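Shown next, in structure tokens, is the structure this report addresses.
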There are 2 protein chains.
Amino acid sequence: MGIKERRDREKKEHRQRILDEALQIITKEGFAALSMRKLAEKIEYSAASIYLHFRNRDEIARELSEVGYGQLFEFLTAAAQEKDAVKRLRAVGEAYVSFGLKHPEIYRLIFMSDAAYIEAVFIENNEDSAANKSYRILLGIAEDLKRSGHYRGKAASSEVADMIWTTWHGIISLKLTCTNFPMTPVETLVALMGKTIVEGLGAKRLPVSGRTPSVAKKR
Amino acid sequence: MGIKERRDREKKEHRQRILDEALQIITKEGFAALSMRKLAEKIEYSAASIYLHFRNRDEIARELSEVGYGQLFEFLTAAAQEKDAVKRLRAVGEAYVSFGLKHPEIYRLIFMSDAAYIEAVFIENNEDSAANKSYRILLGIAEDLKRSGHYRGKAASSEVADMIWTTWHGIISLKLTCTNFPMTPVETLVALMGKTIVEGLGAKRLPVSGRTPSVAKKR
DNA sequence: GTCTATATGAGGATAGAC
DNA sequence: GTCTATCCTCATATAGAC
């Protein structure tokens, strides 16, 4: 049965080669630039042969998205070793943003294009998907912030985690769409954001929504 | 010279009609669905005739972006009447997010696709562009927060404004890409975010970056 | 079984007839 | 000024060669 094994192995390698080249194209030129023809040229096969390995262009995109979530997870994991929740919040935030800056087209693909990719990963996939594991890093930070007395509000940890996530996503996605705006450097934004959120969550006085805090009275 | 005037007027009207139909297509089906052929069918002219009014599809996109910035500006202006900076922050934030939810495809076009559109507006255009005026609403809030003693940090108003903007953008853009995630409802996120930022900016104790605040010591 | 060649139909853009 | 005809690029599908 060695022949079948070799054939299977070769087919798998061929498939992987297609994915590798596709990733290169996306990384360099963005997802929109990924065409079956261009990809076929790169792998030195006809376009039709790609369809023997992938149902369509979308299936390639979905697989590459998962690669992207994996890369992001590695970035985050490396930064999530810090014990202290506040330090970890800052480290992971910086890692998240630096991933986006380093792999802008991948970030666009996984978080700024079709909702189908990310939803497939979060909803259908198992708990061990890279995207879910990344989210749990974030959730862990929110829980630790609460545990260590860094926040006093009533918000659930998942809400705090979502707030932090949207924050980082906001910075990187706006930067990718508009390289010159906001003019504040990304690093400054990450630092200011992190500090403001930590202090906001842990603030002792919680002014009732809508009322002006006493400090402002002197106006 | 009345004939020339009528001709000019008719041409202008025709151009406007193209834009109107294009806006409808984008609003309903998204920018990707805007094809010259489909547009031609709507206006009941040949596709080639569109090129007499617009250099290419991109030029239509750019003009529609400006319409979009104008619509956003109107949303924000209506919410920016409130005198109190904190209340205004919340009102404008809600308006920003509700614009994004109400006109998702327009939002995608102006803030989530090509950097060229937004950069053209912010950089090349005059101070009176809708995008610049919108930004100044935000900047005004940041300045008023500072003036009324709501924040004590060293961050410049423009940095605070950018932080607030990225925050709102993060919420809406993540929601548009991933309708089921984050699971926290948009309204909850906006409220939590607004509260956390106001309290974070105004917090009395400013723990030195990297040190754990005293509350956490008990861990 | 795996590939090449080719067909189909959508789309952007343009030349040239009227 | 408007149209038809056309060219190019693209995703996708399939027939049939090997």
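Every chain is numbered from 1 and lettered A, B, ... according to where its sequence line falls, protein lines coming before strand lines. Keep in mind it's a predicted model, so treat the numbers as computed, not measured.
Between B:His14 atom NE2 and D:dT2 atom P the separation is 6 Å, expressed in whole Å. Taking atom CD1 of residue B:Ile18 and atom P of nucleotide D:dT2, one finds them 9 Å apart after rounding to whole Å. Atom C1' of nucleotide C:dG9 and atom CE of B:Met36 are separated by 19 Å, given to the nearest angstrom. Rounded to an integer number of Å, the gap from CD of B:Glu59 to P of C:dA13 is 11 Å.
Across residues 41-55 of chain A, A:Ala48, A:Tyr51 each have a non-hydrogen atom less than 4.0 Å from an atom of DNA chain D (numbered order). Scanning residues 25-34 of chain B for heavy-atom distances under 4.0 Å to DNA chain D yields an empty list.
With hydrogens and angles left out, the side chain of B:Arg37 and the base of C:dA10 share no donor-acceptor pair within 3.5 Å. The base of C:dG12 has none of its N or O atoms less than 3.5 Å from a complementary donor or acceptor on the side chain of B:Arg57.
For the pair A:Arg108/A:Phe31, no side-chain contact is recorded, criterion being any heavy-atom separation below 4.5 Å from C-beta on. By the 4.5 Å heavy-atom criterion applied to side chains, A:Met193 and B:Thr166 are counted as neighbours. Side-chain atoms of B:Leu23 and B:Ile106, non-hydrogen and from C-beta on, do get closer than 4.5 Å to each other.
Comparing atom distances between the B:Lys11 side chain and each of D:dG1, C:dT2, D:dT12 picks out D:dG1 as nearest.
Phosphate contact (OP1/OP2 of D:dA11, side-chain N/O of A:Ser35, threshold under 4.0 Å): present.
Side-chain atoms of B:Asp20 and B:Gln16 include a donor-acceptor pair closer than 3.5 Å.
Sorted by first and then second residue, the side-chain hydrogen bond (donor to acceptor under 3.5 Å, both in side chains) pairs involving residues 34-47 of chain B (not counting sequence neighbours) are B:Glu29-B:Lys38.
Shown here are the side-chain hydrogen bond (donor to acceptor under 3.5 Å, both in side chains) partners of B:Glu21, two or more places apart in sequence or in another chain: B:Arg17. Under the rule for a ring-ring contact (aromatic ring centres under 6.0 Å, His included), the partners of A:Tyr135 that lie at least two apart in sequence or sit in another chain are B:Phe181.
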For residues 171-178 of chain B, dump all side-chain donor-acceptor pairs below 3.5 Å to protein atoms at least two apart in sequence or in another chain.
| residue | atom | partner | partner atom | Å |
| --- | --- | --- | --- | --- |
| B:Ser173 | OG | A:His169 | NE2 | 2.9 |
| B:Ser173 | OG | B:His169 | O | 2.8 |
| B:Lys175 | NZ | B:Thr179 | O | 3.1 |
| B:Thr177 | OG1 | A:Phe111 | O | 3.2 |
| B:Thr177 | OG1 | B:Ser173 | O | 3.1 |

